[in-house]
Novice: 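The structure follows.
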Amino acid sequence: MDSADITADLSEVLYTKADIETRLAEIGAQVDRDYAGKNPLLVGVLNGAVMVMADLSRTLHIDCAMDWMAISSYGMGTQSSGVVRILKDLSTDLEGRHVLVVEDIIDTGLTLTYLMQNLASRNPASLEIMAMFRKPDAMKAEIDVKYIGFDLPNQFVVGYGLDYAGRYRNLTDVGILAPHVYS
Ligand code: 5GP
């Protein structure tokens, strides 16, 4: 679905499918250069990173592997719960691997801070982050993000893998959820 299918549910469209494709091609070219000959392991964080993982990985011309983790985050609301729990762990041993964590969005950064500490303890050769979206005004943790898609205003957005109560993940654009949907 695209934003025209749900016009009343969005107060603003921030990035279109075309914007996202263009930016991912640029990031993919950087990843190709940085990881040439290194067979990186892309670690996706379920469920939000499904779209960015699928699209970023297919821009790459180098070999890469993929694995997935699920951690608890927002539940059904729009506020960070602060509770982080591993619901599904990786199947891959990270020892000596070049790991690139692929994230949908960094809001407070609390989830990712926990995740990075956990992954670093598994002795990867390198550990970096690619995040499709970031809300700089909401960040509460210092996180070094190597590749960033777009910065967002401090508002609740949906689309391109990001849901509200399970909806809108399949929206190809990204927009601000209209308050009437959740109030
Ligand atoms: P953080 O720990 O950085 O505050 O939260 C990260 C997680 O919260 C993301 O992976 C995502 O699941 C969720 N999240 C944060 N901001 C938004 C948003 O604007 N929209 C949606 N749909 N999820 C968000």
Side-chain angles (χ1 to χ4, degrees), residues 1-3 5-6 8-17 19-20 23-24 27 42-57 66-90 99-120 127-183:
M1 87 179 18
D2 62 32
S3 41
D5 296 314
I6 51 155
D9 292 3
L10 299 178
S11 48
E12 193 183 338
V13 176
L14 297 173
Y15 295 104
T16 63
K17 181 183 177 198
D19 296 331
I20 293 169
R23 187 72 190 110
L24 279 180
I27 294 175
L42 308 187
V43 169
V45 184
L46 295 169
N47 297 314
V50 166
M51 305 296 175
V52 55
M53 178 75 128
D55 289 342
L56 176 69
S57 62
M66 288 177 239
D67 202 348
W68 299 91
M69 283 183 92
I71 52 183
S72 62
S73 58
Y74 270 20
M76 299 290 280
T78 61
Q79 293 295 306
S80 186
S81 67
V83 179
V84 180
R85 211 157 44 94
I86 293 183
L87 306 176
K88 181 218 169 290
D89 208 341
L90 299 171
V99 176
L100 179 60
V101 174
V102 177
E103 259 284 26
D104 48 359
I105 187 166
I106 305 176
D107 185 0
T108 62
L110 297 174
T111 312
L112 202 50
T113 300
Y114 167 83
L115 184 67
M116 293 303 278
Q117 282 166 0
N118 183 292
L119 297 180
L127 180 60
E128 301 287 355
I129 300 167
M130 181 274 160
M132 191 65 226
F133 301 104
R134 177 176 62 180
K135 295 183 191 169
D137 297 341
M139 281 185 74
K140 292 183 182 156
E142 281 279 314
I143 300 182
D144 194 11
V145 185
K146 185 153 189 184
Y147 311 97
I148 187 84
F150 298 109
D151 279 330
L152 296 177
N154 195 8
Q155 306 225 42
F156 193 80
V157 301
V158 293
Y160 200 64
L162 294 165
D163 76 312
Y164 171 68
R167 296 179 62 198
Y168 310 111
R169 285 197 202 277
N170 62 328
L171 174 63
T172 52
D173 312 312
V174 166
I176 300 173
L177 189 63
H180 74 82
V181 179
Y182 55 83
S183 57

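Counting begins at 1 with the first residue of the sequence. Each ligand, and each atom within it, is numbered from 1 in the order the structure gives.
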Novice: Under the 3.5 angstrom rule, does the side chain of K88 hit a backbone N or O of W68 as a donor-acceptor pair?
Specialist: yes
Novice: So, taking the atom named CG in L152 and the one named OH in Y15, what distance separates them when rounded to the nearest 0.5 Å?
Specialist: 6.0 Å
Novice: How does K135 reach ligand 1, by side chain, by backbone, by both or by neither, if only non-hydrogen atoms under 4.0 Å count?
Specialist: side chain
Novice: Hey, is V158 one of the residues with a heavy atom under 4.0 angstrom from ligand 1?
Specialist: no
Novice: Considering only NZ, NE, NH1 and NH2 on the basic side and carboxylate oxygens on the acidic side, decide whether D9 and R167 come within less than 4.0 Å.
Specialist: yes
Novice: Can you name the atoms of ligand 1, numbered from 1 with element, that are less than 4.0 Å from a heavy atom of T111?
Specialist: 1 (P), 2 (O), 5 (O), 6 (C)
Novice: Just heavy atoms, cut-off under 4.0 Å: does D104 contact ligand 1 by side chain, backbone, both, or neither?
Specialist: side chain
Novice: Could you walk me through whether T111 and I71 pass the side chain to side chain contact (heavy atoms under 4.5 Å, CB included) check?
Specialist: CA-CA 8 Å; T111 312; I71 52 183; 3.2 Å; yes
Novice: Would you mind running through ligand 1 and noting each atom that sits below 4.0 Å from a heavy atom of Q155?
Specialist: 19 (O)
Novice: Compute the minimum heavy-atom distance from G48 to ligand 1 and say whether it is under 4.0 Å.
Specialist: no
Novice: So does D163 pair up with R169, basic N to acidic O under 4.0 Å?
Specialist: yes
Novice: What atoms in ligand 1 come closer than 4.0 Å to a heavy atom of D163?
Specialist: 21 (C), 22 (N)
Novice: Hey, does F156 come in under 3.5 Å of ligand 1, counting only N/O atoms on both sides?
Specialist: no
Novice: Looking at T16, is its backbone amide N or carbonyl O close enough to the side chain of D19 to form a donor-acceptor pair, meaning the two atoms are under 3.5 Å apart?
Specialist: yes
